[in-house]
Protein chains: 2
Amino acid sequence: MMQTYTIGQLGRLTDTKVETVRYYERIGLLPHPPRSVGNYRVYDGAHLARLGFIRRARELGFPLDQVRELLELSGQEARSCEQVDELVQAHVTDIERRIHDLQTLRQELTQLLAQCQHGKIAECRIIEALQPRVTG
Amino acid sequence: MMQTYTIGQLGRLTDTKVETVRYYERIGLLPHPPRSVGNYRVYDGAHLARLGFIRRARELGFPLDQVRELLELSGQEARSCEQVDELVQAHVTDIERRIHDLQTLRQELTQLLAQCQHGKIAECRIIEALQPRVTG
DNA sequence: ATCCACCCTGTAGTCACTACAGGGTCAAGA
DNA sequence: TCTTGACCCTGTAGTGACTACAGGGTGGAT
């Protein structure tokens, strides 16, 4: 017999909240599964694999619309890797930009902290630095 | 005479969209300004300074509730810097965690890319790596 | 019969805006 | 005087990716 799962079991196997599984179904990322007599969703191994794929891609930081593209591509076995490669490449570039932005931020904040003399707010360099240069 | 500003002027001076200024008012971050006869908001220099503070803090990545705290603290001139310091310190720690997470992510993705043989999807290592290890 | 864990739908909340729709105001030019 | 166009007003809904109820039904064990 084919293995089946309730939504809760599927969630435990993929580390996904039940509400999230239903959400993925609602936005068309997971197919509507068949229902039991009691109207429970009945999932099979294919559902499990697809949800696993989605969750792994999410862990790697892909937004849902890119996950959708990856799912689409993963089904077209004869197609070349090129698009997958580009998609991942673009994602890496995006991550690198975010790392850079955060590093800049950290430096600014660290400089502020270094200037703090631990006195009163009135002479606090941090608060001062937040005061805008425009004052008229 | 005291300098006054329309919402649009305030927006231009602080690089803030008009809708955002109204949003800050709605959530209580900016006070309700007086209105003109035509029901236009009329801002003064204090509003400008406060909005500038908010925007600068946002640029530095503080979420709005922390901006609220910073605004609160900045008004209490006799108080010690300690809380400001802690707040900024905690923010730096948070940013460092995010940098670390993104670096881990980048490494994982870069490894995937390095494994790509530029062949067909059927043998794509990237797609393969996304396939879940659980398959039953 | 009753309990409890699980499932169902539908709606609203999160964060920090952003984007309308559908109107009113104001200053300048023809 | 009329009209244009830039600006302003309110209120609501959308973004991403969930999360959190409320209010109810189901299934298996005791």
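A note on names: the letters A, B, ... follow the listed sequences, proteins ahead of strands, and every chain is numbered from 1. Please read all numbers here as calculations on a predicted model, not as lab measurements.
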Could you go through the side-chain contact (heavy atoms from CB on, under 4.5 Å) check for A:Y23 and A:L64 one step at a time?
CA-CA 12 Å; A:Y23 168 72; A:L64 287 182; 3.9 Å; yes

Residues of residues 87-108 of chain A with a heavy atom under 4.0 Å from any atom of DNA chain D, listed by number, are none

Exercise. Hey, is CD on A:Q107 packed in by over 12 heavy atoms from elsewhere, all under 6.0 Å?
Worked result: no

If I take atom [atom1] in residue [X] and atom [atom2] in nucleotide [N], what distance separates them, rounded to the nearest angstrom?
{"X": "A:R12", "N": "C:dC6", "atom1": "CZ", "atom2": "P", "answer": "6 Å"}
{"X": "B:L10", "N": "D:dC9", "atom1": "CG", "atom2": "C1'", "answer": "16 Å"}
{"X": "B:D15", "N": "C:dT18", "atom1": "CG", "atom2": "P", "answer": "10 Å"}
{"X": "B:Y5", "N": "D:dC8", "atom1": "OH", "atom2": "P", "answer": "15 Å"}
{"X": "A:Q9", "N": "C:dC6", "atom1": "CD", "atom2": "P", "answer": "10 Å"}
{"X": "B:F62", "N": "C:dC15", "atom1": "CZ", "atom2": "C1'", "answer": "17 Å"}
{"X": "A:I27", "N": "D:dT15", "atom1": "CD1", "atom2": "C1'", "answer": "13 Å"}
{"X": "B:I54", "N": "C:dA16", "atom1": "CD1", "atom2": "P", "answer": "12 Å"}

**Item:** Short side-chain to backbone donor-acceptor contact, B:D65 and B:R68, under 3.5 Å
**Value:** no

Test of understanding: with side-chain contact (heavy atoms from CB on, under 4.5 Å), list the residues that count as partners of [X], not counting sequence neighbours.
{"X": "B:Q9", "result": "B:Y5, B:T6, B:R12"}
{"X": "B:E19", "result": "B:K17, B:R22"}
{"X": "B:R125", "result": "B:Q115, B:E128"}

Problem set entry | Below 4.0 Å: OP1/OP2 of C:dC7 and any side-chain N or O of A:R41 | no

C:dC17 phosphate, OP1 or OP2, under 4.0 Å from B:Y24 side-chain N/O
yes

Note: for B:D65 and A:Y43 on DNA chain C, the residue whose nearest nucleotide lies more 5' is A:Y43

Those residues at least two apart in sequence (or on a different chain) that pass side chain to side chain donor-acceptor pair (under 3.5 Å) with B:T16 are B:T14, B:R55

Inset, instruction - Go through the steps for B:I54 and B:Y24 under the test side-chain contact (heavy atoms from CB on, under 4.5 Å), then give the verdict. - result: CA-CA 9 Å; B:I54 294 167; B:Y24 288 160; 3.8 Å; yes

Heavy atoms of B:V67 and B:A57 approach each other most closely as CG2-CB, 3.8 Å

Salt bridge (charged side-chain N to carboxylate O under 4.0 Å, His left out) pairs touching residues 114-124 of chain B, sequence neighbours excluded, are none

The complete set of salt bridge (charged side-chain N to carboxylate O under 4.0 Å, His left out) pairs with one or both residues in residues 93-111 of chain B, sequence neighbours excluded, reads A:R56-B:E108, A:E96-B:R106, A:R106-B:E96, B:D94-B:R97, B:D94-B:R98, B:R97-B:D101

Would you mind writing out the side-chain donor-acceptor pairs for residues 80-93 of chain A within the sub-3.5 Å range, not counting sequence neighbours?
from  : atom 1 : to    : atom 2 : distance (Å)
A:S80 : OG     : A:E82 : N      : 3.1
A:Q83 : OE1    : A:R79 : NH1    : 2.4
A:H91 : NE2    : A:L60 : O      : 2.8
A:H91 : NE2    : A:G61 : O      : 3.4
A:T93 : OG1    : A:Q89 : O      : 3.1

Terminal axes of the helix from C:dA1-D:dT30 to C:dA30-D:dT1 (5 end pairs apiece), angle rounded to 10 degrees, sit apart by 30°

Side chains of residues 25-36 of chain B: which donor-acceptor partners sit under 3.5 Å, not counting sequence neighbours?
from  : atom 1 : to    : atom 2 : distance (Å)
B:E25 : OE1    : B:R41 : NE     : 2.7
B:E25 : OE2    : B:H32 : ND1    : 2.8
B:R35 : NH1    : B:N39 : O      : 3.1
B:R35 : NH1    : B:N39 : OD1    : 3.3
B:S36 : OG     : B:G38 : N      : 3.3
B:S36 : OG     : B:Y40 : N      : 3.0

Polar atom pairs between nucleotides 19-23 of chain D and protein, under 3.5 Å, N or O only, would you list them?
from   : atom 1 : to    : atom 2 : distance (Å)
D:dT19 : OP2    : A:T20 : OG1    : 3.1

May I ask you to say what B:I7 touches in the nucleic acid, namely base, sugar-phosphate or nothing, with a heavy-atom cut-off under 4.0 Å? sugar-phosphate

* **A:V21 vs A:Y43 side-chain heavy atoms within contact, under 4.5 Å** => yes

Could you write out each protein N or O paired with an N or O of nucleotides 23-26 of chain C at a distance under 3.5 Å?
from   : atom 1 : to    : atom 2 : distance (Å)
C:dG24 : N2     : B:Y40 : OH     : 2.8
C:dT25 : O4'    : B:Y40 : OH     : 3.3
C:dT25 : O2     : B:Y40 : OH     : 3.3
C:dC26 : OP1    : B:G38 : N      : 3.4

